[in-house]
Amino acid sequence: MDSRNHLYLVDGSAYIFRAYHRLPPLTNPQGVPVGAVYGYTTMLWRLAEDLHKADGPTHLAVILDKSSITFRNALYDQYKANRPPPPEDLKPQFPLIRDATRAFSLACIEEEGLEADDLIASYARAATAQGWDVTIVSSDKDLMQLVGQCAQGGTGCVDMLDTMKNQRIGIPEVVEKFGVPPELVGDVLALMGDAVDNVPGIRGIGPKTATKLIVEHGGLEGALAAAPTMKAGKLRDSLIEQADMARLSRQLVALKEDCPLPVPLEDFSLGPIPPEPLAAFLSTHGFTSLLRKLGTPAPAAAAAPAGDSPAAGKAATPAPAESTRQPLPTWPAIDRDAYPCVQTLEALQEWIDRAFAARLVAIDTETSALDSMRADLVGVSLAVGAGQACYIPLGHRGTDMFSEVPRQIPREAALAALKPLLESAAVIKVGQNIKYDLTVLARHGIAVAPIDDTMVMSFCLDAGRSETGLAGHGMDELAGRHLQHTTMLFKDVCGSGKKQISFAEVPLPDATRYAAEDADVTWRLHQLFAPRLADEGGTRIYQRVDRPLVPVVAQMERHGIRVDREQLANLSTRFAAEITRLEAVIHEKAGGPFTIGSPKQLGDVLFDKLGYKGGKKGKSGQYSTDQSVLETLAGQGAEVATLVLEWRQLSKLKSTYTDALQAAINPDTGRVHTSYSLVGAQTGRLSSNDPNLQNIPIRTEIGREIREAFVAEPGHVLLSADYSQIELRLAAHIADVAPLREAFEQGEDIHARTARELFGEVNRDTRGRAKTINFAILYGISRWGLATRLGTTADEAQAMIDRYFERFPGIQRYIHETLESVRANGFSETLFGRKTWFPRINSGTQAERQGSERAAINAPIQGTSADIIKRAMARMLPALAEAGLPRVKMLLQVHDELVFELPEEDVAAASEVIRAVMAGAAAPSVQLTVPLGVEIGTGRSWGAAH
DNA sequence: GAGGTCACG
DNA sequence: GACGTACGTGACCTCT
């Protein structure tokens with residue numbers, strides 16, 4: 001049995017800098033960046049795996065830098081003075097390195113006033129003196145001085161291990177790098193200096209010359225002494241003039257080998273690594289692959305319905321969200337009356353300190369209105385644990401005109417105190433729809449980061465799962481579903497309708513109960529959702545796509561877009577006159593006045609009073625009068641139908657656009673600020689509201705004029721960049737349809753290509769029909785639906801579908817496999833792992849079931865497209881900044897289009913960046929087999945940019 | 001609040 | 001033979 005001890009000394013600080021730059025910016029389920037920590041953890045794992053091997057470690061310690069000020073600064077005040085501060089998203093990872101080390105039950109050594117290098121040198125010397133072998137896990141060139149070194153009287157040997165290159169560094173490798181043996185490395189370093197550590201060396205001498213001099217003269221002192229005899233020149237002069245700098249440098253690079261050892265060597269002895277603390281750590285940070293390796297039974301990837309083949313006719317409802325995990329943690333029940341109202345700066349500071357200590361705080365802002373761009377801040381609530389919540393009133397008025405303003409911390413003072421917490425990279429701020437709070441606080445100069453959002457987390461876990469509402473991710477609903485708690489409703493404190501009061505008028509005790517409860521609930525929901533995301537495969541989409549998008553979308557909303565009020569007002573006037581004229585004519589033709597806007601009255605007039613044929617009554621017993629019905633009537637010569645269609649178009653444009661948009665202009669900014677919902681569409685798309693800027697007219701000439709009113713600031717232009725045919729491209733990729741893929745690669749007209757495949761010839765008619773069929777495929781096809789659209793019979797439509805499947809066989813396979821998978825698992829998935837649930841996919845009601853099937857076929861395609869543009873949006877601002885284009889503002893997203901506002905002179909450069917980011921947005925996560933085409937246009941108005 | 005209609009991708 | 005007439009949204013209007 002080999003009894004020789006082998007000590008591994010891990011240079012932890014140096015490692016994480018390297019890991020940070022080499023690994024992608026991962027974040028853990030709490031949103032803390034952990035890319036470097038992950039790299040560090042896998043390295044420790046690999047070292048631990050060598051434990052049982054003959055030449056593996058018997059002892060191991062991780063050595064960290066503690067402070068930046070060391071004895072070397074006393075020698076040379078410029079030492080390491082040039083070093084830039086670590087990146088913001090690396091800072092919060094430093095303390096986690098200790099957590100990781102402790103999780104492996106390994107020793108972690110750091111000492112004030114010493115660099116890790118000195119501790120490593122001292123431990124190495126002490127170990128070799130006792131005959132131990134030492135491996136230094138690092139690739140730091142300063143440490144190469146120690147290689148091979150045996151302490152006097154000792155017999156142990158030192159080598160190094162570069163875990164990233166998986167390379168052992170012994171004496172030969174050092175000689176190869178420096179041209180000298182390890183004991184002369186210090187001399188070479190002293191001559192050449194080190195830009196990173198700001199070791200001066202001798203100006204003009206680099207590694208080559210330094211090595212040459214040291215080899216020729218046997219060492220630094222030899223080289224300096226020989227300088228006067230060298231041939232005259234710059235090198236000779238430098239050596240003579242800067243000899244003192246070289247000697248100083250020699251001292252700086254020398255490693256201190258006699259530091260007192262804070263922990264005796266024997267304490268580094270390795271035993272089996274206890275799995276529990278390690279498992280807890282891996283789970284906290286979502287390192288699921290390592291967790292699996294640990295042998296912990298991995299939780300089910302997703303909650304599948306019990307049994308594979310549900311009884312026919314009986315709805316197989318996938319297990320509800322709350323039953324997929326362990327029972328609720330043992331939290332105290334929510335007690336509204338226990339929350340403190342914070343009214344002094346001292347009390348506030350205590351809460352801020354607690355939040356810093358907890359490193360995660362739930363936050364909620366209370367305001368005077370729903371529009372985050374107009375609302376005034378009324379108060380802030382915080383939660384640092386279950387039941388550990390408070391409310392900080394900031395803008396409350398008296399409850400009526402006779403009462404006093406309640407005691408509050410002055411708003412600016414409170415915000416100044418909160419700002420460091422809200423902006424600290426080391427503390428996660430959790431909110432329920434935190435985009436709202438981000439905007440409100442940004443208007444007070446606070447840039448809240450990093451963040452987590454329980455609403456978005458819920459969406460990534462349970463989109464489509466709610467049987468009831470469409471949204472299903474509101475706080476009140478989540479509290480009921482996951483915490484079995486009925487929250488206090490807004491209308492409970494503010495009332496509703498005419499009697500509704502502003503939150504600023506709510507008495508403090510009520511406001512505290514309501515607001516602090518929201519923060520408490522948010523904190524608890526976060527605790528439930530974070531591990532679920534890791535367990536159920538939601539981490540990827542949440543961390544990589546949706547969470548990074550939150551601040552980006554918040555900023556787009558804050559930018560808003562300029563609209564020309566006068567232009568809209570002119571359109572409104574024009575439309576009004578035309579509507580009035582049409583109204584008179586329609587009433588005349590109808591033989592009397594009626595409300596044209598009432599479908600009921602219109603139906604009665606058309607089909608009963610005027611006696612037109614073809615009226616169909618729906619289940620409400622009312623005639624349908626929609627566009628297609630009116631068009632049919634118009635085709636049969638009913639002039640009144642044509643007039644009503646015109647009237648409808650103008651009414652729509654006026655009320656929904658030209659009137660409403662004028663009212664939507666924010667008086668402070670003079671711009672229109674939409675609000676995007678991050679959980680609005682089950683497929684993962686954004687939706688836009690108040691006002692909806694995703695449905696501004698474009699398809700008709702008259703509607704298009706409204707787009708002209710969206711304009712750029714003087715000296716600027718609007719730039720519109722849209723993905724061309726992205727959903728068809730994705731269908732071609734996902735279903736692996738070779739002819740379609742090929743057509744996209746060749747840049748062909750895709751509908752024309754489809755026409756050629758289906759009909760053998762391409763003309764206006766066949767291309768149009770092919771286009772209809774292509775869309776039908778994306779939407780989940782039915783022969784009746786297609787027949788209606790094509791104006792043909794169901795049989796002919798079916799023949800066309802058969803032909804399509806025959807020419808593009810991948811499509812049929814995609815549909816089949818998608819449906820099988822959704823029936824079995826309850827959800828569909830995008831290429832980036834976004835799930836959409838279909839609780840009615842196995843419904844006994846045919847209409848319900850077929851509806852779910854069509855949606856399920858469409859969801860992976862529409863959803864993947866949404867993922868891609870979201871990734872492009874998250875990358876866009878950094879990419880523009882890096883390209884020196886900080887003035888380019890991203891304003892709007894319309895599903896496959898992004899709208900920017902930028903100075904005219906930036907157009908050419910910005911176009912290239914925008915195109916590159918959008919076209920490359922799937923990579924590297926997904927390698928598409930079709931190119932993503934991006935079309936760009938610019939102009940003074942949105943209309944002109946198309 | 002529901003239903004009908006229509007604006008967009 | 002009935003089912004119901006393509007996927008995903010949000011806003012406005014009328015009527016109950």
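Remember, it's a predicted structure, so these values are computed and weren't measured experimentally.
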Self-check item: Check: A:M455 main-chain N/O paired with A:Q432 side-chain donor or acceptor under 3.5 Å
Solution: yes
Practice problem: Using the side-chain hydrogen bond (donor to acceptor under 3.5 Å, both in side chains) rule, take A:N825 and A:S821 through it: C-alpha gap first, then chi angles, then the decisive distance, then the call. | Solution: CA-CA 6 Å; A:N825 302 317; A:S821 166; 3.3 Å; yes
Quiz prompt | A:S724 vs A:R729, side-chain hydrogen bond (donor to acceptor under 3.5 Å, both in side chains): CA-CA, chis, key distance, verdict | solution = CA-CA 9 Å; A:S724 129; A:R729 288 172 194 257; 3.3 Å; yes
Exercise. Name the nucleic acid region contacted by A:D690, choosing base, sugar-phosphate or nothing; use a 4.0 angstrom heavy-atom cut-off, strictly under.
Key: sugar-phosphate
Exercise. Determine the contact category for A:S628: base if any of its heavy atoms lies under 4.0 Å from a base atom, sugar-phosphate if only primed atoms, P, OP1 or OP2 are that close, otherwise nothing.
Key: nothing
Exercise. Using a 3.5 Å limit on both pairing distances, list the dot-bracket string of DNA chain C from the 5' end; Watson-Crick and G-U wobble pairs count, crossing pairs take [ ], interstrand pairs take |.
Key: ......|||||||||.
Quiz prompt | Expected output: side-chain A:R465 to main-chain A:W837 donor-acceptor under 3.5 Å | solution = no
N/O donor-acceptor pairs under 3.5 Å from side chains in residues 852-868 of chain A, not counting sequence neighbours:
residue, atom, partner, partner atom, Å
A:S852, OG, A:E848, O, 3.2
A:E853, OE2, A:R823, NH2, 3.1
A:N858, OD1, A:Q862, NE2, 3.1
A:N858, ND2, A:L778, O, 2.8
A:Q862, OE1, A:T683, OG1, 2.7
A:T864, OG1, A:L831, N, 3.2
A:T864, OG1, A:P860, O, 2.5
A:D867, OD1, A:R834, NE, 2.8
A:D867, OD1, A:R834, NH2, 3.0
A:D867, OD2, A:T830, OG1, 2.6

Quiz item: Would you say A:R699 reaches B:dA7's phosphate, i.e. side-chain N/O to OP1/OP2 under 4.0 Å?
Solution: no
Quiz item: Under 4.0 Å: is that the gap between some side-chain N or O of A:R685 and OP1 or OP2 of C:dG8?
Solution: no
Quiz prompt | Shortest side-chain distance from A:R707, nucleotide among C:dA6, B:dG9, B:dT5 | solution = B:dG9
Quiz item: Side-chain N or O of A:Q601 less than 4.0 angstrom from OP1 or OP2 on C:dC15?
Solution: yes
Quiz item: C1' atom, C:dA2 versus B:dC6: distance in rounded Å?
Solution: 30 Å
Quiz item: Side chain of A:A855: nearest nucleotide among B:dG4, C:dG8, B:dG9?
Solution: C:dG8
Quiz item: Under 4.0 Å between a side-chain N/O of A:S598 and OP1 or OP2 of B:dG4, yes or no?
Solution: no
Self-check item: Candidates C:dG10, C:dG8, C:dT14 - which lies nearest the side chain of A:Q862
Solution: C:dG8
Quiz item: Is there a donor-acceptor pair closer than 3.5 Å between any side-chain N or O of A:K589 and the backbone N or O of A:L643?
Solution: no
Quiz item: For A:Y779 and C:dC7, is the gap between ring centres under 5.5 Å while the planes differ by less than 30°?
Solution: yes
Exercise. Can you establish whether the number of heavy atoms outside A:K491 located under 6.0 Å from its atom NZ is more than 12?
Key: no
Quiz item: Between A:D626 (side chain) and A:S628 (backbone), is there a donor-acceptor pair under 3.5 Å?
Solution: yes
Practice problem: Could you tell me the separation between the CD atom of A:Q694 and the P atom of C:dG10, rounded to a whole number of Å? | Solution: 9 Å
Self-check item: For atom NZ of A:K771 and atom C1' of B:dG9, their distance in whole Å
Solution: 12 Å
Exercise. Among the candidates B:dA7, B:dG4, B:dG9, find the nucleotide nearest to the side-chain atoms of A:N695.
Key: B:dA7
Quiz item: Counting side-chain heavy atoms from CB outward, which of B:dG9, C:dA6, B:dT5 is closest to A:R854?
Solution: C:dA6
Quiz item: Can you list, by residue number, the residues of residues 643-661 of chain A that have a non-hydrogen atom closer than 4.0 angstrom to DNA chain C?
Solution: A:K652, A:S655, A:T656, A:A660
Quiz item: Would you say A:R875's side chain and A:V917's backbone share a donor-acceptor pair under 3.5 angstrom?
Solution: no
Quiz item: Is there a donor-acceptor contact under 3.5 Å from the side chain of A:R871 to the main chain of A:A921?
Solution: yes
Quiz item: What integer number of Å spans the P atoms of C:dA6 and B:dA2?
Solution: 23 Å
Practice problem: Among B:dC6, C:dT5, C:dG8, find the nucleotide with the atom closest to the side chain of A:W784. | Solution: C:dT5
Quiz prompt | Phosphate-side-chain proximity, A:S687 and C:dG10, N/O vs OP1/OP2 below 4.0 Å | solution = yes
